[in-house]
Asks: 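Below is one structure. I have some questions about it.
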Amino acid sequence: MKLINISKTFFPDSPKEVKALVNINLTFEEGEFTTLSGESGSGKTTLLNIIGGLERASSGSIFLDNLELTALSDEQMADFRLRHIGFVFQAYNLISVLTVRENIGFIMKLLRFDEVEIDSRIDELAVILQIEDILDKFPGQISGGQQQRVAVARAVASRPKLILADEPTANLDSKNSERLMHMLRTLNEKEHVTVIFASHDRYVLDQSRRIIVLEDGAVIEDH
Amino acid sequence: MLYSLAIKNILASKSRTLTIFLLSMFTTAFFIVYVAYTDGSHEQMIKSSVEIYTGYAHINTKGYQEESDYDHLIEDAKQVETFLKQKPFVSNFSPRFETYVLLSQKEKTVGSMLSGIIPSRESSLSRLKSALIKGSYLEDNDTRAIYLGSDLAKRLSVDVGDEIAMIGSSLDYSTAADLFVVKGIFRTGLFDFDLSSAFVNKDYLDSIMMSENKASYFVLDFDDNQAADSYTKILSKSLPSSYEALSWQALLSALVQLMQVDSLFGYISISVFFIVIFFVIMIFSYVNIYSRVRQIGLLRALGLTSKDIRILLFNELLIITLVSVSLGAVIGAAATYYLEVYPITISGLADTYKEYGIVSDTIPTHFDAFTIAWNTFSIFILNLSSIFYPIYKINKLSVTEAMRYV
């Protein structure tokens, strides 16, 4: 994935104008385990949202293979997200009216996977993420750590090319954070899925193979 | 998947679901009963006006409806009789001769419409016979017997057996006068009719008025009176050019217009009620959707398009509406059918109703499957349309705005 001169300005041409990202140029290789880091307001979540198509860049282009994502319509981008991107959000964001099993299989069902394949994938992920016992429970009936693991399972279930995780450990204690990162890393290695985090959690940074540091919307470090 | 999610959302939002469900159900049932009552009232007005005396159709000379004078009489009643006997769809008919006279008893004199009728034939064409309240109905060989409306009898202060004088104008415009004995008194409930109408045997009246083989018009019944309009068109085509056949819709055009205006005002009144219901459902949908903005944002982030969200939210309301409106339709239809078969009777109600031309102590309702179907469909569409604005508003939010919505 290539990001070329990505800029994002909120409230342009108004007194409230904020330049969230300024001329970002980055390349992500397949199978990366990368963290976008920086202080609050540095632009890491905005960049993650633009990579995932949740927000539009003010200027610049994003290419995945030879496809220009920034040229896609909203509907095309939604379809692209459905097929190729898995999201893990800070606030878990599970669908409250669905059980854990239904939440994990939600995207696969939308993509019309075979029922047997869906069940088998859910069972496989449940073992990896240690959530076998809560598959029939609703999100409101399980802990925050469990909810985040379910969110990870949902994100990876349909085997997307890219996982985007925005502060996934922000609401977890250290034990659950470690467990989550370990699981994501295992999935990254086993399934060769590209994972990009937005986080300033020290533990997440320690686990990452590449760290990109942002400050005032610009990349100041990439190692 | 979207359908299944819609059902789960419906079950999760119990209070919203129940409120919309009950509102839709009762609105549908209420609308059906209301329209059935309006239609029933109109039908009753028609029945009262048509069946009591006017009849479902008339044959008269052209111009008689505009000027009901001796110059527009049917000059050869036997010719019309022969013509009508050849029409298989005409089940009954009878000539009438109507004239305005003065009726007098002692010091009281009252203007009245005196009609010459054939009593035996009239008994199946109008309710004159069944409206009898005192004395007896006319017979075909009666001569000086007169059959009076109850309010006319009251104004003249006469009772059965009393004698009254009649003075009128015969066909040659000479004075016609006679004495009649009150044979019977009737009450139809139509106040004006009971106040001004009197009937005598046509043969006898013809001898006084010199109107033998003449008639003001013929009153007709058909094998299917619902098709009166079509039948009169058929009759008009084959009648001699000086005659015309008119259905009750043409004879009572003022009443038909009154009913149309009444229906229009009825629909305007009830549409205010519907607008309130529409906004209540829309507000509930709006509040419900906005309480789930983050979930909707999440669904869009996961890859659902705005169209998918529209389908999801539309499906939710569609399911609730489909079930509630169907149930409301069944309740409304059952209530309407029951009230048609077993109408509510309130003693003395006819006095209130009579100013509307209804002669009945019962609250009339009319069961009609087609009317119920379009009533139900109207509410169904109205309910569904209440979701468009909330959907429009929610889809205006960006994915990240929706996910951050508090």
Side-chain angles (χ1 to χ4, degrees), chain A residues 8 10 20 45-56 72-99 102-113 115 118 138-140 151 154-155 157-158 160 162 164-166, chain B residues 1-18 20 285 287-320 391-406:
Chain A
K8 175 71 180 178
F10 290 108
T45 296
T46 303
L47 182 58
L48 200 74
N49 286 344
I50 287 173
I51 292 170
L54 301 182
E55 280 185 50
R56 292 264 175 197
L72 297 179
S73 68
D74 286 347
E75 304 288 289
Q76 287 169 327
M77 193 62 222
D79 188 61
F80 183 84
R81 278 199 301 273
L82 183 67
R83 292 175 193 285
H84 303 295
I85 304 177
F87 284 96
V88 181
F89 301 99
Q90 180 180 339
Y92 321 139
N93 279 320
L94 299 177
I95 301 165
S96 58
V97 296
L98 300 182
T99 62
E102 289 165 335
N103 264 286
I104 298 171
F106 184 71
I107 291 169
M108 295 180 82
K109 283 206 169 176
L110 287 176
L111 290 171
R112 301 185 187 283
F113 276 61
E115 284 293 329
I118 294 173
F138 287 93
R154 181 184 62 197
S158 61
L162 181 63
L164 300 176
D166 185 14
Chain B
M1 186 64 211
L2 292 180
Y3 185 75
S4 135
L5 185 60
I7 291 176
K8 287 173 192 290
N9 280 330
I10 289 169
L11 296 175
S13 309
K14 287 188 181 65
S15 58
R16 173 204 63 154
T17 302
L18 193 65
I20 295 178
S285 300
V287 169
N288 176 264
I289 287 171
Y290 265 78
S291 68
R292 295 192 282 139
V293 169
R294 291 185 65 176
Q295 190 207 75
I296 290 163
L298 169 68
L299 292 172
R300 285 173 62 191
L302 294 178
L304 262 66
T305 61
S306 299
K307 187 182 167 194
D308 292 330
I309 299 296
R310 275 200 297 277
I311 292 170
L312 173 71
L313 297 175
F314 189 79
N315 274 350
E316 288 180 19
L317 191 65
L318 179 71
I319 294 163
I320 300 173
I391 287 177
Y392 166 76
K393 288 292 284 181
I394 201 83
N395 272 341
K396 289 243 312 184
L397 292 174
S398 71
V399 177
T400 47
E401 278 173 336
M403 288 187 73
R404 286 194 208 111
Y405 196 88
V406 181

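Numbers restart at 1 for each chain; the letters A, B, ... are given by sequence-line order, proteins then strands.
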Asks: Measure distances from B:S306 to the heavy atoms of chain A and classify the residue's part below 4.5 Å as side chain, backbone, both or neither.
Replies: both
Asks: Which region of A:I107, side chain (C-beta onward) or backbone (N, CA, C, O), has a non-hydrogen atom less than 4.5 Å from a non-hydrogen atom of chain B, or is it both or neither?
Replies: side chain
Asks: Could I get the full list of salt bridge (charged side-chain N to carboxylate O under 4.0 Å, His left out) partners for A:R56, not counting sequence neighbours?
Replies: A:D74
Asks: Counting only heavy atoms from other residues, nucleotides and ligands, does the tally under 6.0 Å from OH of B:Y3 exceed 12?
Replies: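 No, because the 6.0 Å sphere around OH of B:Y3 holds 12 heavy atoms or fewer from other groups.
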Asks: Restricting to non-hydrogen atoms, name the atom on A:R81 and the atom on B:R300 that form the minimum distance, rounded to 0.1 Å.
Replies: NH2-O, 2.7 Å
Asks: Output the distance between atom CG (A:L110) and atom CG (B:D308), rounded to the nearest 0.5 Å.
Replies: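 Interatomic distance, A:L110 CG to B:D308 CG, rounded to 0.5 Å: 7.5 Å.
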Asks: For residues B:A301 and A:F87, report the shortest heavy-atom separation together with the two atoms involved.
Replies: O-CE1, 3.4 Å
Asks: Looking at B:N9, B:L299, B:T305, B:L11, which one has more heavy-atom pairs under 4.5 Å with chain A than the rest?
Replies: B:T305
Asks: If every non-hydrogen atom of A:A78 is compared with every non-hydrogen atom of B:L304, which pair is closest and at what distance?
Replies: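 The answer is CB-O, 4.0 Å.
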Asks: Nearest 0.5 angstrom please: A:L98 CG to B:L5 CG, how far?
Replies: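 Going from CG on A:L98 over to CG on B:L5, the span is 5.5 Å.
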Asks: Which value, rounded to the nearest 0.5 Å, describes the distance between A:I95 atom CD1 and B:I296 atom CD1?
Replies: 11.5 Å
Asks: Between B:R294 (side chain only) and A:N93 (backbone N and O only), is there a donor and an acceptor less than 3.5 Å apart?
Replies: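 No; zero donor-acceptor contacts below 3.5 Å.
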Asks: What is the minimum heavy-atom distance between B:Q295 and A:S96, and which atoms define it?
Replies: NE2-OG, 4.3 Å
